[in-house]
Amino acid sequence: VTAGISVAAYAQDANTTAAAPQIKVAIVNVQQVLQQSPRVQALSKKLENDFKDRQAKIADEQKTLQDKLDNFKKEAPTMSQKDRDAMQKKISDDRAELMKKVVAYQQDLQKEQSKIMQGILHDLNGIVSTIAKKDSFAFVFDSQAVIFAATGNDITKDVAKQFNKG
């Protein structure tokens with residue numbers, strides 16, 4: 001009796017599904033679009049150039065601090081206690097100042113990267129939405145989150161083409 005009910009329910013469900021409108025679903029490989037985009041590469045290069053001077057200055061300061069530390073280790077045995085203490089304090093103060101600069105640099109870099117990424121993702125979302133509406137897709141998923149997708153539903157090339165125009 002239970003088997004009969006299950007089969008009848010399945011048959012009814014199959015009939016309902018046949019009459020239901022098809023839902024179109026597409027996928028897009030966002031990571032591929034970003035990795036292969038000349039636009040993203042240009043933005044990355046610009047960001048690198050914007051922060052290059054600060055990065056070089058920090059690297060120089062790190063080398064100077066390391067040289068002071070090496071020099072201190074070499075000369076410490078022959079220094080007076082007063083000079084040793086003064087030199088240790090100077091190195092410690094320089095290290096603390098350098099750490100502040102490194103933290104500020106990293107925060108500024110991260111803030112700029114976030115700002116750029118927000119703009120990129122905003123543009124990508126707009127492009128995906130436009131393509132989805134034009135082609136009547138009900139859903140568009142990132143291909144990284146999909147285990148299987150039928151061929152013909154991948155809009156990555158269309159998205160990349162539109163994205164790199166802008």
Side-chain angles (χ1 to χ4, degrees), residues 25-135 137-151 153-166:
V25 178
I27 60 164
V28 62
N29 189 332
V30 174
Q31 186 176 3
Q32 179 183 332
V33 172
L34 295 177
Q35 286 176 343
Q36 296 176 355
S37 170
R39 180 177 165 196
V40 171
Q41 290 170 0
L43 288 169
S44 180
K45 196 72 159 164
K46 181 187 179 310
L47 184 66
E48 189 179 307
N49 286 334
D50 289 350
F51 281 82
K52 187 170 45 178
D53 291 341
R54 272 178 76 184
Q55 186 178 20
K57 188 175 178 187
I58 287 172
D60 289 345
E61 289 183 33
Q62 284 174 325
K63 185 179 179 341
T64 301
L65 182 62
Q66 186 61 49
D67 291 346
K68 282 183 186 177
L69 190 58
D70 293 343
N71 190 33
F72 173 72
K73 287 178 182 175
K74 191 168 69 174
E75 294 181 12
T78 59
M79 296 172 87
S80 69
Q81 185 64 40
K82 182 181 175 189
D83 289 344
R84 233 187 343 254
D85 291 346
M87 185 73 117
Q88 278 180 319
K89 181 168 178 14
K90 174 76 171 123
I91 289 172
S92 180
D93 291 348
D94 289 352
R95 180 181 287 142
E97 190 60 36
L98 180 60
M99 288 307 297
K100 285 181 189 174
K101 289 179 182 179
V102 168
V103 167
Y105 167 80
Q106 289 172 336
Q107 287 174 341
D108 291 347
L109 179 61
Q110 192 172 29
K111 191 165 87 175
E112 277 303 305
Q113 286 172 330
S114 270
K115 194 166 87 174
I116 289 170
M117 201 59 184
Q118 281 179 339
I120 287 170
L121 291 177
H122 180 267
D123 291 352
L124 266 179
N125 285 336
I127 291 165
V128 168
S129 293
T130 301
I131 291 171
K133 288 174 187 169
K134 179 180 69 87
D135 294 340
F137 288 113
F139 298 100
V140 177
F141 296 104
D142 187 336
S143 65
Q144 303 291 314
V146 176
I147 295 172
F148 171 79
T151 27
N153 292 349
D154 189 343
I155 61 171
T156 302
K157 286 181 182 165
D158 295 335
V159 171
K161 187 175 167 187
Q162 289 292 319
F163 179 72
N164 291 322
K165 277 186 190 176

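What's counted below: heavy atoms across the whole structure, side chains too, no hydrogens, waters or symmetry copies.
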query = Which value, rounded to the nearest 0.5 Å, describes the distance between Leu47 atom CG and Ile116 atom CD1?
reply = 4.5 Å
ask   = NZ/Lys45 to NZ/Lys52 distance, rounded to the nearest 0.5 angstrom?
value = 7.5 Å
ask   = Is the shortest distance from a Lys or Arg side-chain nitrogen in Lys74 or Asp70 to a carboxylate oxygen in the other one below 4.0 Å?
value = no
For residues 123-132, run the donor-acceptor check on the side chains, cut-off 3.5 Å, and write out each pair with its distance to 0.1 Å, sequence neighbours left out.
residue : atom : partner : partner atom : Å
Asp123  : OD2  : Arg39   : NH2          : 2.2
Asn125  : ND2  : Leu121  : O            : 3.3
Ser129  : OG   : Asn125  : O            : 2.9
Thr130  : OG1  : Gly126  : O            : 2.8

ask   = If you measure only the distance, is there a donor-acceptor pair under 3.5 Å linking the side chains of Asp158 and Gln162?
value = no
ask   = So, are Asp50 and Lys46 salt-bridged, with charged N and O less than 4.0 Å apart?
value = yes
query = Does CD belonging to Gln81 count more than 12 external heavy atoms closer than 6.0 Å?
reply = yes
query = Between Arg54 and Leu109, is a side chain to side chain contact (heavy atoms under 4.5 Å, CB included) present by the stated rule, with each step listed?
reply = CA-CA 10 Å; Arg54 272 178 76 184; Leu109 179 61; over 6 Å; no
task = Please name the pair of heavy atoms, one in Ile27 and one in Ala149, separated by the smallest distance, quoted to 0.1 Å.
result = CD1-CB, 3.7 Å
request  = Measure the CZ-CD1 distance between Phe51 and Ile58 for me, rounded to the nearest 0.5 Å.
outcome  = 10.0 Å
inquiry  = Rounded to the nearest 0.5 Å, what separates atom CG in Leu65 from atom CG in Asp60?
reply    = 12.5 Å
Which pairs would a plain distance check flag for residues 90-107, meaning a side-chain donor or acceptor within less than 3.5 Å of a matching protein atom at least two apart in sequence or in another chain?
residue : atom : partner : partner atom : Å
Lys90   : NZ   : Asp94   : OD1          : 3.0
Lys90   : NZ   : Asp94   : OD2          : 3.4
Asp93   : OD2  : Lys89   : NZ           : 3.1
Asp94   : OD2  : Lys68   : NZ           : 2.5
Lys101  : NZ   : Glu61   : OE1          : 3.0
Lys101  : NZ   : Glu61   : OE2          : 3.0

inquiry  = If you define the side chain from C-beta out and look only at heavy atoms, does anything of Gln35 sit under 4.5 Å from Gln32?
reply    = no
query = How many angstroms lie between CG in Leu69 and CD in Gln88, if you round to the nearest 0.5 Å?
reply = 9.5 Å
